[in-house]
There are 4 protein chains.
Amino acid sequence: MRGEGNKGRLILDAARRVFAATGYYQARVEDIAREAGVGKGTVYEYFTSKEELYLEMLLEVVNSYVAGVRAGLEHAGGDIREKLFFTGRHLCSFLTEHGQLARMVLQDPGPINFKFTDHLRTIRRKMVEMVAALLRDTIPGSIPQEEAEVAARFFLAGLAGVVYPENMQTLAPQENLRTAVDVFVQGVSETFGRERG
Amino acid sequence: MRGEGNKGRLILDAARRVFAATGYYQARVEDIAREAGVGKGTVYEYFTSKEELYLEMLLEVVNSYVAGVRAGLEHAGGDIREKLFFTGRHLCSFLTEHGQLARMVLQDPGPINFKFTDHLRTIRRKMVEMVAALLRDTIPGSIPQEEAEVAARFFLAGLAGVVYPENMQTLAPQENLRTAVDVFVQGVSETFGRERG
Amino acid sequence: MRGEGNKGRLILDAARRVFAATGYYQARVEDIAREAGVGKGTVYEYFTSKEELYLEMLLEVVNSYVAGVRAGLEHAGGDIREKLFFTGRHLCSFLTEHGQLARMVLQDPGPINFKFTDHLRTIRRKMVEMVAALLRDTIPGSIPQEEAEVAARFFLAGLAGVVYPENMQTLAPQENLRTAVDVFVQGVSETFGRERG
Amino acid sequence: MRGEGNKGRLILDAARRVFAATGYYQARVEDIAREAGVGKGTVYEYFTSKEELYLEMLLEVVNSYVAGVRAGLEHAGGDIREKLFFTGRHLCSFLTEHGQLARMVLQDPGPINFKFTDHLRTIRRKMVEMVAALLRDTIPGSIPQEEAEVAARFFLAGLAGVVYPENMQTLAPQENLRTAVDVFVQGVSETFGRERG
DNA sequence: TATGAATGAGCGTTCATTCAT
DNA sequence: AATGAATGAACGCTCATTCAT
């Protein structure tokens with residue numbers, strides 16, 4: 001993005017909505033421009049290409065995701081259950097808000113985003129480490145680093161399955177989250193909190 | 001697909017490889033034809049459109065996924081750990097083999113596949129029910145149906161996070177799987193196997 | 001056409017129906033083959049190309065048209081009115097039967113048929129001459145050759161306007177024909193049958 | 001057509017020339033664009049499809065035809081011969097200018113133009129009525145409406161046969177026209193101007 | 001001889017990008 | 001800076017023609 005003017009902001013927001021609604025290839029630059037209320041050419045004043053616009057937009061989304069997870073994990077005064085629950089809460093609203101885009105962030109972004117893959121990998125790894133650290137710091141007993149990371153991956157990916165919008169019809173998402181967090185924390189505690197057989 | 005002749009098979013296989021490598025929109029019909037070793041027009045002798053080819057290919061992939069999960073869950077003579085472990089093994093090789101496509105199956109297929117969404121939803125639900133039934137039948141204590149399903153979702157989605165190829169550099173995938181299954185089974189047992197606080 | 005076997009006949013007939021129904025470009029060789037009850041490749045055993053098939057078919061149609069007009073004009077025992085009336089009757093059924101094709105014959109065949117244009121021109125000229133001869137032989141008074149030909153052209157083209165299927169809703173075509181022939185014969189008689197002012 | 005800007009005009013004119021020269025199916029959109037001196041994509045800025053472009057172009061041609069016929073029939077101060085003569089003059093230059101297209105207008109447009117058929121039918125009917133009215137208003141004696149229309153059809157179609165460019169080598173077109181109009185007017189006068197036998 | 005599976009040239013259309021205003 | 005008219009590369013699909021059987 002060239003400047004941080006008002007127009008650039010409008011375009012990024014419009015891009016997020018349009019890309020989220022239809023995916024990268026279905027979205028036309030003209031649609032985004034119209035959604036932003038600017039001319040088609042203006043998009044190219046702020047971004048060098050459709051791809052760059054997409055990547056910049058995705059970066060913002062990813063950053064907001066990371067910030068949310070971090071906020072959840074650092075949720076002041078909570079025990080581990082509370083922290084993980086808040087993390088899930090964030091994930092839930094993130095999925096609700098960003099739909100299609102969220103999938104790209106949580107999983108691989110697909111081949112569209114080769115240039116983004118490394119960054120996403122880094123992001124995911126950082127979050128895994130955060131959760132792993134939480135587990136090792138909080139759960140009684142000593143959890144090997146690698147196994148803590150496996151558990152963290154399991155948790156973060158599992159959360160997405162639980163809070164997926166399509167799954168939230170029978171139970172309130174809160175209830176789903178409580179259950180998942182309980183199972184996970186219990187499981188980690190039991191598995192690593194005592195001598196393992 | 002028109003017939004089950006040799007060419008149709010070649011084209012489907014080529015389509016799987018090309019779509020997996022580049023995604024739906026990037027894949028050109030001509031690429032698929034070349035990969036299959038046939039002419040461009042031949043593709044249209046067997047499939048009415050690029051979209052139909054894609055959907056038909058995806059259906060095969062989904063079916064192989066379901067068959068593998070089912071085989072894992074019914075793994076003869078194993079206890080629940082063993083069954084879930086084998087399920088994870090299948091998932092692991094599935095992800096390794098089908099790359100990009102696997103994501104579409106495991107998560108939402110995105111807007112390309114609107115026509116497929118319902119089928120995928122059904123598939124995922126069926127698998128959740130299978131895992132939930134296994135939990136209720138195997139874990140001592142009584143687990144409410146809805147919570148069993150939440151746990152099942154958590155497990156299936158979590159597995160994918162653990163066995164993702166990109167995550168399999170430090171630990172052997174087998175080890176990752178063992179850990180995740182242990183955590184999960186312990187967690188469910190502890191959470192539902194006794195009075196819940 | 002290579003031989004005069006049964007298949008060749010079937011294909012020509014099918015070609016006439018299909019071309020008449022949809023026009024040259026819309027007709028697919030496969031449609032014609034199916035209509036003829038033969039394989040697609042067989043068409044190419046009898047005709048070297050779609051275009052050749054079309055031209056041979058059109059030649060047949062043109063010949064039958066010419067034969068009909070000639071038969072009408074030579075209608076034994078009739079006076080000029082009767083002869084022209086029978087000519088019109090033939091034209092009428094020709095238009096009804098061959099629809100789209102008839103237009104190509106009566107008017108220019110268009111650029112599709114460059115190779116045919118000369119032949120069609122010859123055909124039309126021949127018919128003009130036949131009618132012109134009839135006029136000069138039958139109408140009292142002396143009609144200059146060139147003006148007889150103009151009148152003949154006027155008559156042949158005018159007929160088509162009168163017997164066009166779309167125009168045959170109010171009056172029986174017979175009545176239309178009678179009127180047109182009357183007007184024409186009266187006109188020629190009056191114009192050329194006496195001293196012209 | 002989107003606007004009435006310069007480019008749209010250029011494209012329509014180019015389309016008329018190219019379609020007239022080669023017919024609908026042979027004409028490539030790229031040819032039309034080149035003929036108009038614009039890029040291929042520009043055509044689609046002004047017309048939604050090749051078909052729409054064709055139809056819009058044809059509409060213009062038809063309108064100019066109708067206007068010319070009307071002008072001829074209303075030719076101030078002329079008697080009926082003069083009016084019909086001027087109508088023929090217009091038809092003649094129309095055929096000369098628009099070649100292949102003219103045929104589509106004068107006769108059925110063929111299956112390409114299904115959507116246009118109704119409009120063309122209406123146009124032709126309107127012109128038949130105009131000529132029929134002229135006959136009934138001008139020729140002494142009472143001509144039944146239906147027979148006046150038949151005569152009008154005969155005249156309009158016959159004219160085309162007379163003024164066809166290919167026929168204009170021996171006699172000056174003017175002469176042809178005079179002859180045809182004379183024959184026709186004499187014919188109608190004699191046939192309807194007195195008691196009919 | 002007869003067939004239809006296989007082919008690829010050809011074309012209509014889309015849309016990211018450019019550039020004159 | 002802002003615009004949108006103009007552009008043409010790219011691609012899905014059709015169908016006349018070929019050829020192995």
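Note that the coordinates shown come from a computational prediction; the quantities given were computed from them, not determined experimentally. Chain identifiers are assigned alphabetically (A, B, ...) following the order of the sequence lines, protein sequences preceding nucleic acid strands; residue numbering begins at 1 within each chain.
Atom OH of Y25(C) is separated from atom C1' of dG10(E) by 14 Å (rounded to the nearest Å). Atoms CD (Q26(C)) and P (dC15(F)) sit 8 Å apart, rounded to a whole Å. For E52(A) and dT17(E), the CD to P distance is 11 Å, given to the nearest whole Å. Between F47(A) atom CZ and dT18(E) atom C1' the separation is 18 Å, expressed in whole Å. Distance CG (L53(C)) to C1' (dC15(F)): 15 Å, rounded to an integer number of Å. Between the CZ atom of R28(C) and the C1' atom of dG4(E) there is a distance of 14 Å, rounded to whole Å. When rounded to the nearest whole Å, the span between CD1 of I32(C) and P of dA16(F) equals 8 Å. If you measure from atom OH of Y44(B) to atom P of dA16(F), you get 18 Å, rounded to the nearest angstrom.
Helical stems involving DNA chain F, defined as 3 or more consecutive Watson-Crick or G-U pairs under 3.5 Å, span E:2-21 with F:2-21.
Considering CG of L58(A) and OH of Y54(A), their distance stands at 5.0 Å, rounded to 0.5 Å. For the atom pair N63(D) CG and L59(D) CG, the distance stands at 4.5 Å (nearest 0.5 Å). Here the straight-line distance linking atom CZ of F19(A) with atom CG of L12(A) works out to 10.0 Å at 0.5 Å rounding. Annotation: the span from L53(C) atom CG to I11(C) atom CD1 amounts to 7.5 Å, rounded to 0.5 Å.
The base of dT1(E) is not paired with the side chain of K7(C) by any donor and acceptor separated by under 3.5 Å.
Comparing dC11(F), dT7(F), dA16(E) by their closest approach to the side chain of V29(A) singles out dA16(E). Of the candidates dA2(F), dT13(E), dA6(F), the closest approach to any side-chain atom of E45(D) belongs to dA6(F).
Taking each heavy atom of S64(D) and H98(D) in turn, the nearest pair found is OG-CE1, 4.2 Å. Summarising the geometry of K50(C) relative to Y44(C), their closest heavy-atom pair is N-OH, 4.4 Å, with the distance given to 0.1 Å.
Along DNA chain F, the nucleotide nearest A27(C) and the nucleotide nearest E30(B) are compared for position; the residue whose nucleotide lies closer to the 5' end is E30(B). Mapping V43(B) and G41(A) onto DNA chain E by nearest heavy atom places V43(B) at the nucleotide closer to the 5' end. Comparing G39(C) and S49(D), the nucleotide of DNA chain E nearest to each residue sits closer to the 5' end for G39(C). Looking at which nucleotide of DNA chain F each of K50(B) and G37(D) is closest to, the 5′-most match is held by G37(D).
Side-chain polar atoms of E51(B) and Y24(B) form no donor-acceptor pair below 3.5 angstrom.
Contacts of K40(C) with the nucleic acid, taken as non-hydrogen atoms under 4.0 Å apart, include base atoms. Within the nucleic acid shown, A33(B) has no heavy atom closer than 4.0 Å to any nucleic acid atom.
Across K40(D), R17(D), R16(D), a single residue satisfies salt bridge (Lys or Arg N to Asp or Glu O under 4.0 Å) together with E35(D), and that is R17(D).
At least one side-chain nitrogen or oxygen of Y46(B) sits closer than 4.0 Å to the OP1 or OP2 atom of dA6(E).
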